[in-house]
Amino acid sequence: MRGYHRLHSIVIQLFLFFFIGTTLPVLIMGFLSYNKSASIVEEQVSKVASLTITQVSDKLNMFFKKLDDSSMMVLNSKVVHGILEDQDMSKYDLTLKVKEGKDLLTSIMINSPEILDVYVFDVLRNNSVLSADSLMSIPDQWDSAWYQSILEANGQAVWFGLSDTSYLKQTGMGFPVFGLGRAIRSWDTGEIVGVMFIEIMGDVLIDELNHVQFGDTGYMYVANDENRYFYHPDPSMYGKQSQIKLPTGLTEYNLNNNKTLMIPSRLNNGWHVVGMVPLKELTADSASIRSFTVWIVFGSILAAIGIGYFMTRRIGNPLVQLSRLMRRSEAGDLSVRSKNVGSSEIGQLGRSFNKMIEQIDLLIRRIAAEESEKKKAEIRALRYQINPHFLYNTLNSIRWMAKLNRTNDVDQSVTALVHLLEGSLERNGVFIRLGDELEQLRKYMIIQNYRYDHQIELRIDCPEDMEDIHIPRMLLQPIVENAIFHGIAPLDDTGVIQIRISSQQQDVLVQIEDNGIGIRPERITGLLSHDQDHSKHGMTHIGLRHVHQTVQLYYGSGYGVWVESREHEGTRVTITFAKERGDAYVQSAARG
C-alpha cells in the first residue's frame, strides 16, 4: 500500500518523466550527427569536384597553350613576315618563300594533329593566302565577322567557339571545329600586315570533357567571357547565350528544383570552366544513414507521444484544469470547483483551492452587502442635504414676499411649494420621469417669479421621446436654483434660463444655460471639489456639488457635471448620465 501511495506522488511521476526524457537527447544527437556527417560528405564532395574542375582547367590550359604556342611560331616566323611585308620580292623569290612558309605550317600541323589547317591572310590582299593545304580553295574571308574581330583584337589571341561549320571554308564539316586567330604586326612599323587563323578539330577536346561528369545529371560546361557556351554536353547549346549567371566562387544554384553546387574556374585565355554538381546525387551514399536516423526520430516521436499522453493524463490535465478554474475565479466566477481532490499533491491543491474559493465567495458577499448599504446611505445623505437646501431657499423667497405684504403672491407661492414638496416625496422610489422633473421645474419657477419684480423666463427644449427617461429626483432643480440666485438675481434685467436635452448614443446630455453675471475663472475649478471651504459662502453652490456627486454615485465616475462660464456673459452647466436607470450601477458596483 505504501508503494501504491508513492506512485500517486507528483515527485515520483516527475522522476519517471525525466528518467524517460533523458533518452531523447541521445536521439537528438543521432539526428545532429547525421546532419554533421551529411555536411562533411557534401564538403568533401565539393572538394573532390573542385579538384576535378581544377584538373580539367589545367588540361584545357595546356591544350590551349600548345595551340597558342603554335600560333606564336607563325607570328615569329621570318618567312611569314617576308611574304607579307616584302612587296618588291621577285616572283621566283616569292614562290620560294611561299613554299618555305607552307613547309612551316605543315610542320606545325604535324606536331599538333588536332589542327585541321593554318591560314595566313595578307591584309593588303597583294599576295595569295598562305596555307598548308594547297588543294582547297578558300572563299573570300576579308569581310567575315571572325576576320574583323581578329583585327579589332590588335594582336591578342582570339578564340572562336565550337561549330559544325568550318570558319574558313564555310561548309559543313560533319564534326565540331573551333578556331584561334591572331593579327600579325610588322616588326618595323607595328602595323597589322596579316591575319592568321588556325582551325582545330573539337572531337579530341569534346571527348576529354565528356568524360567529366558529376553523378547522373551533373555536368561541366565551358563559356567564353561573353557567357556563351564554348562547350556543353548538349551540342545544340554551342555558341548560345547561357541563362545561368557566371559564378565568381562556390555558389549554390537551384537547377530544375535540385540543389546544385556551381564550381567555377577561369582559364588563361579568359574563358570559364563551370562544374554543375548535384548535391543530392553526390550525397546518395548517406541515404542509409538518413533512413536509419529517420527511424530513430520516428521512434523517439512515438516515445514522446506516449510520455506526453501519460503526463497529460496524470499531471498535465489536472494542472491545466486548475489553472483555468483560477482564471475563471479571477474573472469573478466564484462558482467554480475543482474535481481533482485525490490523494496526490495535485488533489490536495484542488481541495485547498475549493476551500479558498468558498471563503472568498462568502467574504465578497458580506462586502457586497456592506457596500450596497454604504452606497444607499451616501445617496440618502445627499438627498437629505439637497432637500433642506431647496426648502431653505424657497422659504426665504416666501419670507421676503411676506415682508413686502404681497399676501396674494405668498398664497400662490405656498400652493406651488406644496405641490413641489409632494413631488419630491419618494413614494414611488428615488427615480422620476424626466418629463415630470421638468414639470416640477415649471412649478418652481412660479415661486421665483413671484419673488422678483422682473420676470425670469424658463425655456425647455426636450424631445418627446426622451421624457420617459428616468432620472434621480430633484436632479435639475438645484442647478436652476443656483442659476437664479447667483447668476440672474444680481442682474437688473430680465433673466433667461435655457434647458436643452439631447441624446448621444447611450447617454443623455442636459445643458442648463443662463444669461447671468457668470463666475470668475478662479472659482470654477473649485466648484465641484469636496475640499472647498463652504464656511465663507454658506449654502452657495452646495446644490451643484451634490448633483455632481449624485450622478457619479448612480452612474459611475464617467458621468457628472461640467461648468463653463464667462464673467458678465452667463454660465452653462452640462449634466451627462446614462439612459439606463442608475440604480443598476449601484447594484453592480456593490457586487464588484
Side-chain angles (χ1 to χ4, degrees), residues 41-73 111-116 149 153 156-163 167 175-182 198-253 255 258-279 281-283:
V41 170
E42 182 177 327
E43 181 181 356
Q44 293 300 320
V45 166
S46 65
K47 288 182 179 179
V48 172
S50 298
L51 180 60
T52 301
I53 295 298
T54 301
Q55 291 174 349
V56 170
S57 299
D58 291 341
K59 289 183 179 181
L60 290 176
N61 282 328
M62 291 178 61
F63 184 78
F64 291 146
K65 180 66 168 57
K66 180 181 177 182
L67 296 174
D68 190 62
D69 290 343
S70 298
S71 69
M72 293 302 296
M73 291 176 64
N111 291 327
S112 301
E114 64 274 6
I115 296 178
L116 282 174
S149 61
Q156 297 294 324
V158 180
W159 295 88
F160 300 91
L162 291 168
S163 173
Y167 286 92
F175 54 87
V177 296
F178 66 98
L180 167 63
R182 280 184 182 273
I198 302 176
E199 196 159 56
I200 310 149
M201 291 186 297
D203 288 342
V204 177
L205 182 63
I206 292 173
D207 291 341
E208 182 72 26
L209 297 178
N210 282 341
H211 284 91
V212 180
Q213 191 172 3
F214 305 99
D216 294 331
T217 60
Y219 62 92
M220 183 199 70
Y221 70 87
V222 181
N224 61 15
D225 52 359
E226 296 178 354
N227 201 17
R228 292 185 179 274
Y229 289 117
F230 168 75
Y231 163 79
H232 191 278
D234 182 5
S236 64
M237 301 298 292
Y238 294 166
K240 292 184 178 180
Q241 186 73 32
S242 174
Q243 300 301 317
I244 304 174
K245 184 179 179 181
L246 283 172
T248 56
L250 288 177
T251 306
E252 286 189 6
Y253 181 76
L255 180 63
N258 291 323
K259 184 179 178 183
T260 303
L261 185 66
M262 298 181 66
I263 304 175
S265 178
R266 189 175 178 87
L267 299 178
N268 294 335
N269 66 350
W271 288 1
H272 302 268
V273 179
V274 181
M276 304 296 288
V277 184
L279 296 178
E281 295 180 9
L282 295 179
T283 57

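If you're wondering where the values come from, they're calculated on a predicted model, not measured in any experiment.
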### Task
Give the C-alpha distance, both sets of side-chain angles, the deciding distance and a yes or no for side chain to side chain contact (heavy atoms under 4.5 Å, CB included) between Leu67 and Phe178.
CA-CA 12 Å; Leu67 296 174; Phe178 66 98; 4.0 Å; yes

### Query
Taking it one step at a time, do Leu205 and Phe230 satisfy side chain to side chain contact (heavy atoms under 4.5 Å, CB included)?
CA-CA 11 Å; Leu205 182 63; Phe230 168 75; 3.3 Å; yes

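Closest non-hydrogen pair, Gly218 versus Pro278, comes out as CA-CD, 3.4 Å. The two residues Leu162 and Gly202 have their closest heavy-atom pair at CD2-CA, 4.0 Å. Closest heavy-atom contact between Pro233 and Tyr219: CG-CB, 3.5 Å.
Ser50 is linked by a side chain to side chain contact (heavy atoms under 4.5 Å, CB included) to Leu250, Ile263, counting only residues two or more places apart in sequence or in another chain. Listed by chain and residue number, Tyr221, His232 satisfy the ring-ring contact (aromatic ring centres under 6.0 Å, His included) test with Tyr229 (two or more places apart in sequence, or in another chain). Considering only residues two or more places apart in sequence or on other chains, Lys65 meets the salt bridge (Lys or Arg N to Asp or Glu O under 4.0 Å) condition with Asp69. Residues passing the side chain to side chain contact (heavy atoms under 4.5 Å, CB included) test with Asn227 are Ala223, Gln241, Ser242, Leu246, sequence neighbours excluded. By the side-chain hydrogen bond (donor to acceptor under 3.5 Å, both in side chains) test, Thr52 is found to be paired with no residue, residues two or more places apart in sequence or in another chain being considered. Contacts of Glu114 classified as salt bridge (Lys or Arg N to Asp or Glu O under 4.0 Å), with partners at least two apart in sequence or in another chain: Lys66. Residues satisfying the side chain to side chain contact (heavy atoms under 4.5 Å, CB included) test with Met62, not counting sequence neighbours, are none. With sequence neighbours excluded, no residue forms a side-chain hydrogen bond (donor to acceptor under 3.5 Å, both in side chains) with Ser163. Taking Asp68 as the reference, Arg182 meet the side-chain hydrogen bond (donor to acceptor under 3.5 Å, both in side chains) condition, with sequence neighbours excluded.
Two rings, from Trp159 and Phe64, have their centers less than 6.0 Å apart.
Note on residues 51-63: pairs passing salt bridge (charged side-chain N to carboxylate O under 4.0 Å, His left out), not counting sequence neighbours, are Lys59-Glu208. Judged as a salt bridge (charged side-chain N to carboxylate O under 4.0 Å, His left out), the pairs with a partner in residues 227-244 (not counting sequence neighbours) are, in order, Glu226-Arg228.
Between the side chain of Glu199 and the backbone N or O of Val177 there is no donor-acceptor pair closer than 3.5 Å. At least one donor-acceptor pair under 3.5 Å links the side chain of Thr251 to the backbone N or O of Gly249.
Within the 4.5 Å cutoff, side-chain heavy atoms of Phe160 are placed close to those of Ser149. Looking at Ile53 and Ser265, their side chains come closer than 4.5 Å, going by heavy atoms from C-beta outward. Here the side chains of Met262 and Ile244 are in contact, with some heavy-atom distance below 4.5 Å.
Atoms CD1 and OH, from Ile206 and Tyr238 in turn, are 3.5 Å apart once rounded to the nearest 0.5 Å. Note that the CD1 atom of Ile115 and the OG atom of Ser70 stand 4.5 Å from one another [nearest 0.5 Å]. From Glu252, atom CD reaches atom CG of Leu261 across 6.5 Å, with rounding to the nearest 0.5 Å.
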List, one per line, each side-chain donor-acceptor pair under 3.5 Å for residues 267-277, sequence neighbours excluded.
| from | atom 1 | to | atom 2 | distance (Å) |
| --- | --- | --- | --- | --- |
| Asn269 | OD1 | Trp271 | N | 3.1 |
| His272 | NE2 | Arg266 | NH1 | 2.9 |

